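Below is one structure, written out as structure tokens, with a few remarks after it.
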Amino acid sequence: MKLSARLSALAGASALVVGALAGAAPASAAPTGATAAPDIPLANVKQHLADLQSIATANGGNRAHGRTGYKASIDFVKAKLDAAGYTTTLQTFTSSGATGYNLIADWPGGDPNQVLMAGSHLDSVTSGAGINDNGSGSAAVLETALAVSRAGYQPSKHLRFAWWGAEELGLIGSKYYVNNLASTERAKVKGYLNFDMIGSPNPGYFVYDDDPTIEQTFKTYYAGLGVPTEIETEGDGRSDHAPFKNAGIPVGGLFSGADYVKTSAQAQKWGGTAGQSFDRCYHSSCDTTANINDTALDRNSDAVAYAIWALSGTTTTPPAGTVFENTADVSVPDNGAAVTSSVTVSGVTGNAPSNLAVGVDIIHTWRGDLVVDLIAPDGSVYNLHNRTGSSADNIQQTYTVNASSEVANGVWKLRVQDKASGDTGYINSFKLTFP
Ligand code: DPN
Ligand code: ZN
Ligand code: CA
């Protein structure tokens with residue numbers, strides 16, 4: 001969600017804030033609960049590249065489709081993801097008479113109907129190890145996936161990472177994946193981010209101009225670094241985002257340049273060498289670990305994580321102390337049916353807090369008659385009071401409820417039932433306070 005959309009969602013919430021804190025306008029404050037994306041350690045990304053280089057070296061110098069170096073690359077990435085808690089799937093296909101593999105890794109959790117994907121092709125051409133093309137994207141996506149695991153990140157959206165086979169033969173693996181996704185599954189994919197060549201030795205900083213929200217997310221990241229970007233024009237549709245785009249899925253991505261030549265204007269703003277290709281080793285045997293610009297790889301790896309975090313709907317809590325309250329009296333029938341008082345929570349992305357304060361004010365002449373429950377928007381029941389303290393009247397108390405497994409937005413109810421005859425009363429007020 002864009003920041004402006006989040007703020008307007010919070011502005012919507014303010015209309016529902018009544019009672020004690022009415023007028024303490026949440027709309028004036030920025031969202032406070034968004035989890036910041038981690039810095040992706042360059043050393044870790046470079047270690048993945050060194051490992052991919054070793055795999056190529058041990059397998060005839062490449063990691064190409066149909067060659068042993070490709071399957072070894074897949075096994076290498078898969079083992080790291082399995083150890084980090086991912087659910088991995090190896091998808092096989094046939095191309096040019098050889099078996100190809102896509103590796104799909106799902107991070108457990110998030111909304112299964114809102115999937116954010118990031119991917120990169122893992123295959124090289126036969127002429128070399130393919131460290132910039134595309135060890136770089138593969139390693140950055142891998143390290144971002146591992147960072148998700150390290151952070152115990154629980155975004156609103158479901159995260160899915162992919163490493164594609166046989167890209168160099170014409171986007172074979174990614175086309176196969178998209179073509180074999182049931183249309184219901186396709187509809188759940190709300191975005192696909194592609195990273196193909198992001199550590200070019202004479203780098204440019206190119207952003208795909210496809211989905212505007214994704215494009216803006218990357219531009220915002222680079223604006224924060226003070227690094228200018230350009231729109232990617234070297235090869236629209238020349239990588240694995242194309243099948244997703246053709247299926248109507250919003251796409252975006254980053255690129256540091258292949259065999260186009262850096263202009264002097266580009267060298268002025270980005271440094272490097274004018275009149276030389278962004279990657280002089282593109283598709284050749286010198287695409288080794290020496291063919292990487294560390295600064296570009298570092299920035300782009302951080303940008304991968306930034307976008308994943310920004311686009312996956314990090315929990316946004318309202319300003320501390322935001323109250324959602326209902327002060328309308330609801331009479332509780334003597335020894336009768338349960339009654340409820342409701343409040344609507346809105347403008348909060350993600351789940352409710354683990355320390356939700358539930359303010360209960362029930363005027364009653366015998367609290368021992370009463371069963372009081374908090375009901376979450378999905379119907380989950382949290383018992384607050386069950387006919388204890390019979391000799392006292394009234395329940396005027398704040399209960400702390402661990403509501404972290406509940407989606408925050410929606411209608412929350414206080415349910416009160418009087419289970420014995422003689423004494424009566426009413427719900428005076430019910431309020432939820434976000435910490
Ligand atoms: N798809 C590329 C390759 O693997 O050769 C390179 C590329 C990516 C070229 C994006 C243009 C744009
Ligand atoms: Zn390539
Ligand atoms: Ca009673």
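Numbering of ligands and ligand atoms starts at 1, following listing order. Everything numeric here is computed off the predicted structure, so don't read it as measured data.
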Using a 4.0 Å cut-off to any heavy atom of [X], which atoms of ligand 1 qualify?
X: H121; answer: 4 (O)
X: M197; answer: 6 (C)
X: H283; answer: 3 (C), 5 (O)
X: E232; answer: 12 (C)
X: E167; answer: 1 (N), 2 (C), 3 (C), 4 (O)

Starting from [atom], which protein heavy atom do you reach first, and at what distance in Å?
atom: atom 11 (C) of ligand 1; result: F255 CZ, 3.7 Å
atom: atom 2 (C) of ligand 1; result: D196 OD2, 3.1 Å
atom: atom 5 (O) of ligand 1; result: Y282 OH, 2.6 Å

> Does the gap between the ring centers of W412 and Y382 come in under 6.0 Å?
Replying inline: no
TODO: Indicate, with yes or no, if the rings of F93 and Y177 have centres closer together than 6.0 Å.
DONE: no
Checking D279, D196, N291 against N132 for side chain to side chain donor-acceptor pair (under 3.5 Å), the one that qualifies is D279
Taking the Zn ion (ligand 2) as the apex, OD2 on D133 and OE1 on E168 give an angle, to 10°, of 150°
**Asked** Is there a nitrogen or oxygen of E168 sitting under 3.5 Å from a nitrogen or oxygen of ligand 1?
**Response** yes
Residues pairing under side chain to side chain donor-acceptor pair (under 3.5 Å) where one sits in residues 244-258, two or more places apart or in two chains, turn out to be S200-S256, D210-K245
| message | Taking backbone and side chain together, does H283 place any N/O/S atom at a distance below 2.8 Å from the Zn ion (ligand 2)? | response | yes
At under 4.0 Å between heavy atoms, what of D133 touches ligand 1? The answer is side chain
task: Verify whether one side chain among H121 and D133 offers a donor that lies under 3.5 Å from an acceptor in the other.
output: yes
Residue pairs meeting ring-ring contact (aromatic ring centres under 6.0 Å, His included), one or both in residues 98-120, sequence neighbours left out, come to Y86-W107
Hey, what's the ring geometry for Y205 with Y222, parallel, tilted or perpendicular (30° and 60° as the breaks)?
tilted
- prompt: Are any side-chain N or O atoms of Q266 and backbone N or O atoms of T263, one a donor and one an acceptor, separated by less than 3.5 Å?
  reply: yes
